**Q** 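One structure is given below, represented as structure tokens, and several questions about it will come after.
The model shown is predicted, which means the values in this text are computed figures rather than measured ones. Chain A is the first sequence line, chain B the second, and so forth, proteins listed ahead of strands; every chain is numbered from 1. All values below come from the heavy atoms of this structure, side chains included, with hydrogens, waters and symmetry mates left out.
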Number of protein chains: 2
Amino acid sequence: MQPEISDHIFYSFLTGGFCASTTTSSFYPFTIEDTIAQDKALASVRNHKEAERRRRERINYHLSKLRYLLSCNSKTDKATLLAKVVQRVKELKQQTLEISNESLPSETDEISVLNFEDCSNDNDDHRIIFKVSFCCEDRPDLLQDLMEILKSLRMETLFADLTTIGDRTRNVLVVAADKGHHGVESVHFLQNALKSLLERSSKSVMMGRSGGGGEMLKRRRALDHIIMV
Amino acid sequence: MQPEISDHIFYSFLTGGFCASTTTSSFYPFTIEDTIAQDKALASVRNHKEAERRRRERINYHLSKLRYLLSCNSKTDKATLLAKVVQRVKELKQQTLEISNESLPSETDEISVLNFEDCSNDNDDHRIIFKVSFCCEDRPDLLQDLMEILKSLRMETLFADLTTIGDRTRNVLVVAADKGHHGVESVHFLQNALKSLLERSSKSVMMGRSGGGGEMLKRRRALDHIIMV
DNA sequence: GGGAACACGTGAGTC
DNA sequence: TGACTCACGTGTTCC
């Protein structure tokens, strides 16, 4: 425990009281005024001390909450904890941004096929799992064509997320393929099939379209309504 | 600026040096050993002081980063800042949890229809905007039936997000209705139409299904692959 | 003047 | 031992 220096102040006040009692000509070393001033000074020091203690408690209280939120050991020092908090906030911000962006179709056509062979669990060791996602112009037969592609490749759809806004669509699928029929190289089959799917789309859109600017504006306005939600 | 108490230590070391130079019988008040010890003591105090200063700087550096991330005024005090950080981390955690939950179909059938009449901007003052979302068993004709419902109600789809995993599907749509044909009460039309849609689903599913546990497991396994992504 | 917030140097404890 | 963290009381500054 640290010595309280307020005692030192008190003592120096005492010595001062003996030497220079200038306010009155009293015989007593301490006048009432001195006592009052002394009390006030002590009270001031005490208040200051306690306010500072409360401030420290307030700060440490929130730090303990952050320790809990980040499931940090109580032995993690303050600076490291705060560094982790900074990192976590950044991550979470980025994550929400990505989710809201990735879930909407992009303006440009895109195709992505990934295989999860390495990640497949024991239940699925006889199957290969692919994650397929693509953005393109929307058209009535798109979904049907996609289903036929997957059917012809003997792939089962485990998960599908189809997002359409205005004339653009973004489709994400998780599909399973039997290892008897497919290997890792099937990624290319899928990619090529999707490429032809998108080419068919752009052809039909090109022929049927009158102008490009209108759809863009329409989508922009539709977007306003979604973001408002 | 605060007085450096190391000076006091230094001076008390000096006085001590005069009174008790016990290590040697030298005439001089300070021996070489004393000087070395004195240097070491001073260096120790200085190191301690500087280490503590670096520690404070480290902590304050991360706090300034957090101030920036939360776009807080530089005059926001530490305790308030940390309180806001706690709140923000909680919010972001909750948000990402909700997004990942809300975007997946629930086990129970649900219907929700909201109108955005109050939020509609100037471009759409002649239209009413509805947000429609529902969860139910998936079936091949569901989408077609849904489109027919919207067509019969003369509603245009601005946005659609259709998520299917295993045998469950979650559909979110933002639709626009002309004010000439529709008012706020059209919410009920939509709700009833969706209700009949879901009833049709449950009937066909009930008749065609053999057992319930298998689908659940299948979905569970499909979910594993998505979460791995 | 007085409360609030901060930086500082220091003693104590830990590894 | 030394390097490090923490709580503490204090001096200072700003409203």
**Q** Please confirm whether the backbone N or O of A:T108 pairs with a side-chain atom of A:R168, one donor and one acceptor, at under 3.5 Å?
**A** yes
**Q** Kindly write out the residues that satisfy side chain to side chain contact (heavy atoms under 4.5 Å, CB included) with A:A193, not counting sequence neighbours, or none if the list is empty.
**A** A:I149
**Q** Contact class for A:K40 vs. all strands (heavy atom < 4.0 Å): base, sugar-phosphate, or nothing?
**A** sugar-phosphate
**Q** Can you find a side-chain donor-acceptor pair between A:Q94 and A:E98 that sits under 3.5 Å?
**A** yes
**Q** For nucleotides 3-5 of chain C, list the nitrogen or oxygen atoms of the protein found under 3.5 Å from its nitrogen or oxygen atoms, one pair per line.
**A**
unit_1	atom_1	unit_2	atom_2	d
C:dA5	OP2	A:R58	NH2	2.9

**Q** In whole angstrom, give the distance that lies between atom CD1 of A:I59 and atom P of C:dC6.
**A** 6 Å
**Q** Using atom CZ of B:R46 as one end and atom P of C:dC8 as the other, report the distance to the nearest whole Å.
**A** 17 Å
**Q** Tell me the interatomic distance from A:N60, atom CG, to D:dA7, atom C1', rounded to whole angstroms.
**A** 8 Å
**Q** Can you tell me if NZ on A:K93 sees more than 12 non-hydrogen neighbours from other groups inside 6.0 Å?
**A** yes
**Q** State, to 0.1 Å, how close A:Q191 and A:I111 come at their nearest heavy-atom pair, and which atoms those are.
**A** O-CD1, 4.4 Å
**Q** Write down the distance between CD (B:E57) and P (D:dC4), rounded to a whole number of angstrom.
**A** 14 Å
**Q** Could you check which residues of residues 61-70 of chain A get a heavy atom under 4.0 Å from DNA chain D? Sort them by number, please.
**A** none
**Q** For B:K49 and D:dC6, what is the distance between atoms NZ and C1' respectively, to the nearest whole Å?
**A** 19 Å
**Q** Give the rounded distance in Å between these two atoms: CD of A:E50 and P of C:dG2.
**A** 16 Å
**Q** So which pairs with a foot in residues 65-87 of chain B pass salt bridge (charged side-chain N to carboxylate O under 4.0 Å, His left out), sequence neighbours left out?
**A** none
**Q** Okay, side chain of A:T164, backbone of B:F159: is any donor-acceptor separation there less than 3.5 Å?
**A** no
**Q** List for me each residue that meets salt bridge (charged side-chain N to carboxylate O under 4.0 Å, His left out) alongside A:R58, sequence neighbours excluded, and say none if there are none.
**A** none
**Q** Identify, with sequence neighbours excluded, every residue that meets side chain to side chain contact (heavy atoms under 4.5 Å, CB included) alongside B:A83.
**A** A:H62
**Q** Looking at C:dC6, I'd like to know if its phosphate oxygens (OP1 or OP2) sit under 4.0 Å from a side-chain N or O belonging to B:R56.
**A** no
